[in-house]
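Worksheet: one structure, shown below.
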Amino acid sequence: MRPRTDAPRLPRDFFDRDVHAVARDLLGAHVSHAGVTVRITEVEAYGGVGDPGAHAFRGRTPRNAVLFERPGSLYVYFTYGMHFCSNLVAGPHGQGAAVLLRGAEVVDGEDLARVRRDAPGKPPVPARDLARGPARLAVSLGLSRPHNGLDTVAPDCPVRVAGRHADPDVPVRTGPRVGVTGPGGDGDSYPWRYWLEGEPTVSAYRPGVLRTRRTQP
DNA sequence: CTCCAGATATACT
DNA sequence: GTATATCTGGAGC
């Protein structure tokens with residue numbers, strides 16, 4: 001499938017809506033950066049202050065400050081000591097809500113994505129795994145710390161978000177978020193994960209796990 | 001498929 | 001000071 005280069009960049013109004021509406025509509029959208037374009041197949045909604053799974057749960061901190069910037073801003077954070085994940089800020093300005101980009105299909109610039117994803121001396125990554133998973137997606141697009149805070153609705157922004165899910169024959173499915181431990185202790189009570197049915201690039205579901213202590217051996 | 005170690009910025013006590 | 005994290009790749013079933 002050839003990416004539509006004529007699709008308009010999504011405007012501020014698109015992101016300035018309920019975060020769940022934004023999440024659903026981002027499915028099928030194209031995100032382009034540094035020579036690679038992906039088509040989003042899986043996302044998660046994070047509700048801002050008060051959502052126990054969200055980085056904004058306890059309010060604004062230096063790390064999550066971008067979540068409280070204008071909708072359409074790109075929130076890239078570092079986690080697990082080695083991975084970057086990317087979100088698009090959604091909802092009213094200052095609410096702290098965002099949509100995590102969890103899975104995508106590389107539709108252009110696959111060679112470049114492969115340079116970023118393939119490890120030297122190891123078998124090549126299967127095409128469907130290039131951007132399957134939030135950290136893999138960020139690697140394929142070449143997103144990391146310097147891109148945190150970019151305003152993707154600006155015409156000159158190097159990160160371009162365009163198009164949206166428009167195929168009524170492909171249903172949107174929902175389920176619990178990945179890696180989030182809910183208030184009850186096990187699992188996430190919010191079905192705020194959205195994906196396109198039948199897509200091979202949707203990441204495998206892994207329930208949130210409480211890690212066992214492993215300090216002093 | 002499931003289990004598990006890895007490496008470190010961040011936020012909380 | 002210390003527990004945790006919007007995860008991944010490799011090992012073993």
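Letters A, B, ... mirror the listed sequences (proteins, then strands); counts begin at 1.
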- Query: Which residues satisfy the ring pair (Phe, Tyr, Trp, His ring centres under 6.0 Å) test with A:F84, sequence neighbours excluded?
  - Reply: A:F78
- Watson-Crick and G-U pairing of DNA chain B, under 3.5 Å, as dot-bracket with | and [ ]: ||||||.|||||.
- Message: Please say yes or no: joined through hydrophobic side-chain contacts below 4.5 Å, possibly via intermediate residues, are A:Y77 and A:V49 part of one cluster?
- Response: yes
- Task: Would you mind checking if A:R177 and A:E44 are paired as a salt bridge, meaning a charged N to carboxylate O distance below 4.0 Å?
- Result: no
- Item | Protein-nucleotide distance (A:Y77, atom OH; C:dA5, atom C1'), rounded to Å | 8 Å
- Separation of atom NE2 in A:H83 from atom P in B:dG6, rounded to whole Å: 14 Å
- Item | Close side-chain approach of A:C85 to A:L100, heavy-atom, < 4.5 Å | yes
- Could you tell me whether A:R17 and A:D25 have a side-chain N and a carboxylate O separated by less than 4.0 Å? yes
- Message: With a 4.5 Å cut-off on side-chain heavy atoms, are A:Y194 and A:R173 touching?
- Response: no
- Are any side-chain N or O atoms of A:H147 and backbone N or O atoms of A:S144, one a donor and one an acceptor, separated by less than 3.5 Å? yes
- Query: Under 5.5 Å between ring centres and under 30° between planes: true for A:Y80 and the base of C:dA5?
  - Reply: yes
- Message: Could you see if A:V202 belongs to whatever hydrophobic cluster contains A:V99? Use Ile, Leu, Val, Met, Phe, Trp, Tyr and a side-chain cutoff under 4.5 Å.
- Response: no
- Item | Euclidean distance, atom CZ of residue A:R102 to atom P of C:dA5 [Å, nearest integer] | 15 Å
- Query: A:Y75 has an atom OH; how far is it from atom P of B:dA9, in whole Å?
  - Reply: 15 Å
- Item | Spacing of A:L143 atom CG and A:H33 atom NE2 [to the nearest 0.5 Å] | 5.5 Å
- Message: Side-chain N or O of A:R206 versus OP1/OP2 of B:dC3: is the shortest distance under 4.0 Å?
- Response: no
- Query: Can you name the residues that form a side-chain contact (heavy atoms from CB on, under 4.5 Å) with A:N64, not counting sequence neighbours?
  - Reply: A:H55, A:R60, A:T61, A:L67, A:F68, A:Y75
- Strand-adjacent residues in residues 111-122 of chain A, judged by heavy atoms under 4.0 Å from DNA chain C: A:R117, A:K122
- Task: Tell me what A:A54 touches on the nucleic acid: a base, only sugar-phosphate, or nothing, going by heavy atoms under 4.0 Å.
- Result: base
- Find the distance between CG (A:L141) and OG1 (A:T37) and round it off to the nearest 0.5 Å. 8.0 Å
- Task: Start with the C-alpha distance between A:S203 and A:R102, add both sets of side-chain angles, then the distance that settles side-chain hydrogen bond (donor to acceptor under 3.5 Å, both in side chains), and finish with yes or no.
- Result: CA-CA 7 Å; A:S203 64; A:R102 277 204 63 86; 3.1 Å; yes
- Query: Within a strict 4.5 Å, meaning less than it, do heavy atoms of the A:V43 and A:L101 side chains meet?
  - Reply: yes
- Task: Give the rounded distance in Å between these two atoms: CG of A:L101 and P of C:dC7.
- Result: 13 Å
- Message: What is the separation between atom CE on A:M82 and atom P on B:dC4, rounded to the nearest whole Å?
- Response: 17 Å
- Item | Cation-pi geometry met for A:R12 and A:F15 (6.0 Å, 45°) | no
I'd like a list of close polar pairs between nucleotides 11-13 of chain B and the protein, N/O only, cut-off under 3.5 Å.
from: B:dA11; atom 1: OP1; to: A:T61; atom 2: OG1; distance (Å): 2.3
from: B:dA11; atom 1: OP1; to: A:R63; atom 2: N; distance (Å): 3.3

- Task: Could you check how far CZ of A:F84 sits from C1' of B:dA7, rounded to whole Å?
- Result: 13 Å
- Message: With the threshold set at under 4.0 Å for non-hydrogen atoms, list the residues of residues 136-152 of chain A touching DNA chain C in residue-number order.
- Response: A:R136
- Item | Interatomic distance, A:F78 CZ vs C:dC7 P [rounded to whole Å] | 14 Å
